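Report on one structure; see the data block that follows.
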Amino acid sequence: MLLTPSMVLAVARRPHLWSTAARAYRSMVPDRWWSRRPYLPVPDRDWMRFRLVTAYGGTGDAPPGSEDDLLAWLAWMQDTSFTLR
């Protein structure tokens, strides 16, 4: 799921999801991200494509996610006390 400004705004409007969103994002960032290009804490592109295919089907090229999907996923993680690294 490509993170869009509208998704960031949707989470920003819900302070109770901030810590869950931060932990979720951190869990997607590869270890030692600073040692490989693009030298930014972003999820691996191939891993994200795999996750999109397993979540939505298709080829994973087009990001089908929406604000509602993101908020529902974060709420599910929070409600189930889903453990992240």
Side-chain angles (χ1 to χ4, degrees):
M1 181 179 318
L2 180 64
L3 195 61
T4 63
S6 61
M7 289 177 173
V8 173
L9 186 58
V11 174
R13 290 182 182 148
R14 292 160 181 86
H16 66 281
L17 293 177
W18 290 357
S19 64
T20 303
R23 285 190 345 260
Y25 188 79
R26 170 62 189 105
S27 75
M28 291 184 242
V29 174
D31 293 332
R32 297 184 45 85
W33 57 266
W34 61 87
S35 65
R36 57 189 102 116
R37 290 180 171 251
Y39 309 113
L40 297 170
V42 295
D44 181 68
R45 182 174 291 180
D46 292 335
W47 181 81
M48 283 300 294
R49 178 171 285 125
F50 167 76
R51 296 297 294 155
L52 287 170
V53 169
T54 58
Y56 298 103
T59 62
D61 293 329
S66 68
E67 295 85 12
D68 292 336
D69 284 347
L70 176 62
L71 294 174
W73 178 63
L74 290 172
W76 172 81
M77 289 177 61
Q78 193 172 53
D79 291 345
T80 60
S81 299
F82 191 80
T83 305
L84 298 168
R85 64 177 171 140

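Bear in mind the structure is a predicted one, so any value in this text is a computation, not a measurement. For the numbers below, each heavy atom of this structure counts, side chains included, while hydrogens, waters and symmetry mates do not.
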Got a second to check how far Thr20's OG1 is from Trp76's CH2, nearest 0.5 Å?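 Separation between the atoms: 11.5 Å.
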OG1 of Thr54 to CZ of Arg49: how many Å apart, nearest 0.5 Å?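 CZ of Arg49 is found 13.0 Å from OG1 of Thr54.
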Not counting sequence neighbours, which residues clear side chain to side chain contact (heavy atoms under 4.5 Å, CB included) with [X]? List them please.
X     : value
Ser6  : Thr4, Glu67
Arg13 : Leu9
Ser19 : Arg23

Atom pairs and distances, side-chain donor-acceptor, residues 39-46, under 3.5 Å, sequence neighbours left out:
{"residue": "Asp44", "atom": "OD2", "partner": "Asp46", "partner atom": "N", "Å": "3.3"}
{"residue": "Asp44", "atom": "OD2", "partner": "Trp47", "partner atom": "N", "Å": "3.1"}

Minimum heavy-atom distance Asp31-Arg36, with the two atoms named: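 Taking Asp31 first and Arg36 second, the nearest heavy atoms are O-NH2, 2.8 Å.
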So which atom in Asp69 and which in Tyr56 form the shortest heavy-atom distance, rounded to 0.1 Å?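 Nearest heavy atoms, Asp69 then Tyr56: OD2-OH, 2.8 Å.
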Test side-chain contact (heavy atoms from CB on, under 4.5 Å) on Met28 and Arg51 and set out the steps. CA-CA 11 Å; Met28 291 184 242; Arg51 296 297 294 155; over 6 Å; no
Kindly work out whether a path of hydrophobic side-chain contacts (I/L/V/M/F/W/Y, heavy atoms less than 4.5 Å apart) joins Met48 to Phe50.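 No, because Met48 and Phe50 fall into different hydrophobic clusters, even though each may have its own neighbours under 4.5 Å.
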